[in-house]
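None of these values were measured; they are calculated from a predicted model. Order of listing sets the numbers, starting from 1, for every ligand and every atom in it.
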Amino acid sequence: MKREIEITSDGSRTLYVPGLDEHYHSIKGALAESRHIFIDMGLNHHSSSQLHILEIGFGTGLNAFLTLLAAEEMVKKVHYTGIELYPLEMDVLRELAYPDTINIERSEDYYRLHQAEWDKDETITPAFTLHKIKGDFTKYEFPKEFFDIIYFDAFAPEKQPEMWSQCLFDALYRSLNIGGILTTYCAKGVVRRMLQSSGFEVERLPGPPGGKREILRGIKRK
Ligand SMILES: C[S@@+](CC[C@H](N)C(=O)[O-])C[C@H]1O[C@@H](n2cnc3c(N)ncnc32)[C@H](O)[C@@H]1O
């Protein structure tokens, strides 16, 4: 898959996929988007000090890196599962240079996220264990009642509709513990209704500064 580097409005970089006419993050600010949707509205919204997190679309590892740093700050222990079908090459990741913008002293941890072996647990820091799955989300069977937070970060439904189906949201709902959270940047009515049909209590929340007007957060209450 061909990808091009672009600079977003907050100075952080993202990738553009010409074949899909789609970006990995918001062009209004990649870093601001990730912090807002996944850290502030997801991680910070869960009260447990030990969390199992699942990311749909591991990609650049930006969300995983922000979670690793936030877990330390909040004195939480995180087991992080990331599924990815099209892993990125190291030269692309170096060009994105996320650690330079976020925390240059932790560069090594960022690259270790990408060097970690697939399909096994790897301790990256005392607070953060990573389990990367090289696989297709649309075909993967996740364990039931295992995760506390899901970062749903697939390409947009118009670009990759097969990632946004009722039966996949039903499976994600089953994979969450009671009190579990799913956050996504996509606030489309059709996605909100699918999440509700799966059983989620869904909130529409304000989007990141300068970015999308609204985002979605689903909570599993029962
Ligand atoms: C919007 S990007 C976000 C990536 C990542 N969360 C980040 O912040 O860089 C969507 C990601 O989903 C991945 N993807 C696409 N189809 C997939 C599939 N069937 N299974 C797993 N991952 C997939 C893409 O390769 C890409 O990394």
Side-chain angles (χ1 to χ4, degrees), residues 1-8 10 12-43 53-70 78 80-99 101-102 110-111 113-114 116 118-119 130-142 147 149-165 167-169 171-172 175 182-188 191 207-208 211-212 215-216:
M1 200 194 296
K2 188 172 177 283
R3 304 177 189 92
E4 293 163 7
I5 302 232
E6 284 190 15
I7 300 184
T8 69
D10 67 0
S12 61
R13 299 176 188 181
T14 191
L15 294 170
Y16 173 68
V17 187
L20 277 180
D21 184 24
E22 174 73 334
H23 290 88
Y24 272 52
H25 307 98
S26 165
I27 52 165
K28 305 276 174 59
L31 182 54
E33 177 188 53
S34 286
R35 278 200 173 123
H36 178 79
I37 301 170
F38 302 110
I39 306 300
D40 296 343
M41 302 295 155
L43 182 65
I53 300 181
L54 168 66
E55 176 171 29
I56 306 300
F58 181 80
T60 64
L62 174 58
N63 297 329
F65 187 49
L66 292 175
T67 302
L68 176 152
L69 298 173
V78 170
Y80 195 100
T81 303
I83 185 162
E84 176 57 60
L85 190 55
Y86 310 107
L88 293 166
E89 304 78 30
M90 208 40 106
D91 56 334
V92 174
L93 296 165
R94 291 204 187 275
E95 222 182 309
L96 282 167
Y98 284 132
T101 332
I102 298 166
Y110 174 74
Y111 293 109
L113 295 173
H114 292 282
W118 296 94
D119 302 307
L130 179 65
H131 187 107
K132 287 192 300 184
I133 300 167
K134 188 166 184 302
D136 183 347
F137 162 61
T138 64
K139 302 202 172 89
Y140 200 82
E141 261 191 56
F142 294 106
F147 298 107
I149 305 178
I150 296 174
Y151 298 163
F152 194 85
D153 202 14
F155 289 128
E158 312 85 83
K159 310 292 173 164
Q160 241 196 335
E162 70 277 15
M163 300 284 278
W164 304 77
S165 76
C167 84
L168 291 172
F169 284 126
L172 289 180
S175 79
L182 179 149
T183 49
T184 182
Y185 65 87
C186 181
K188 282 184 178 286
V191 172
K212 281 188 186 289
I215 62 161
L216 294 180

Any Ile102 side-chain heavy atom under 4.5 Å of Leu62 side chain: yes

Heavy atom of His25, distance to ligand 1 below 4.0 Å: yes

Heavy atoms of other groups near Lys159 NZ, more than 12 under 6.0 Å: yes

Short side-chain to backbone donor-acceptor contact, Arg13 and Glu95, under 3.5 Å: yes

Minimum non-hydrogen distance to atom 4 (C) of ligand 1, winning option of Ala156, Ser26, Gly57: Gly57

Top protein contact for atom 2 (S) of ligand 1, by heavy-atom distance: Phe155 CE2, 3.5 Å

Where ligand 1 meets Thr60 - atom numbers and elements under 4.0 angstrom, heavy-atom basis: 7 (C), 8 (O), 9 (O)

For Tyr86, atoms of ligand 1 separated by under 4.0 Å from a heavy atom: 15 (C), 16 (N), 25 (O)

Residue-ligand contact Glu55/ligand 1, heavy atom below 4.0 Å: yes

For atom 19 (N) of ligand 1, closest protein heavy-atom neighbour: Asp136 OD1, 2.8 Å

Under-4.0 Å heavy-atom contact with ligand 1, by part of Gln160 that carries it: side chain

Heavy-atom closest pair, residues Thr14 and Tyr98: CA-OH, 3.9 Å

Test side-chain contact (heavy atoms from CB on, under 4.5 Å) applied to Leu168 and Ile56, step by step: CA-CA 11 Å; Leu168 291 172; Ile56 306 300; over 6 Å; no

Identity and distance of the protein heavy atom lying nearest atom 22 (N) of ligand 1: Leu85 N, 3.3 Å

ring-ring contact (aromatic ring centres under 6.0 Å, His included) partner of Phe65, chosen from Tyr80, Phe38, Tyr110, Phe58: Tyr110

Proximal atoms of ligand 1 relative to Asn63 (non-hydrogen, under 4.0 Å): 6 (N), 8 (O)

Whether Tyr24 and Phe155 hold their rings parallel, tilted or perpendicular, with breakpoints at 30° and 60°: perpendicular

Tyr185 and Trp164 aromatic ring geometry - parallel, tilted or perpendicular at 30°/60° bounds: perpendicular

Phe58 contact mode with ligand 1 (heavy-atom cut-off under 4.0 Å): backbone

Atoms in ligand 1 flagged as close to Gly59, the criterion being non-hydrogen separation under 4.0 Å: 4 (C), 5 (C), 9 (O), 27 (O)

Identity and separation of the nearest protein heavy atom to atom 26 (C) of ligand 1: Glu84 OE1, 3.6 Å

Main-chain N/O of Glu33 paired with Lys28 side-chain donor or acceptor, under 3.5 Å: no

Protein contact of atom 10 (C) of ligand 1 - nearest heavy atom, named by residue and atom, plus distance: Asp153 O, 3.2 Å

Donor-acceptor pair, side chain of Glu4 and main chain of Pro18, under 3.5 angstrom: no

Parallel, tilted or perpendicular, as decided by the 30° and 60° cut-offs, for the rings of Phe142 and Phe147: perpendicular

Residue portion contacting ligand 1 (non-hydrogen atoms closer than 4.0 Å) for Ala154: backbone

Residue, atom name and distance, where the atom is the protein heavy atom closest to atom 17 (C) of ligand 1: Met163 CE, 3.5 Å

Contacting atoms of ligand 1, where contact means under 4.0 angstrom from a heavy atom of Gly135: 20 (N), 21 (C)

Ligand 1 atoms in contact with Phe137 (distance to a heavy atom under 4.0 Å): 18 (C), 19 (N), 20 (N), 21 (C)

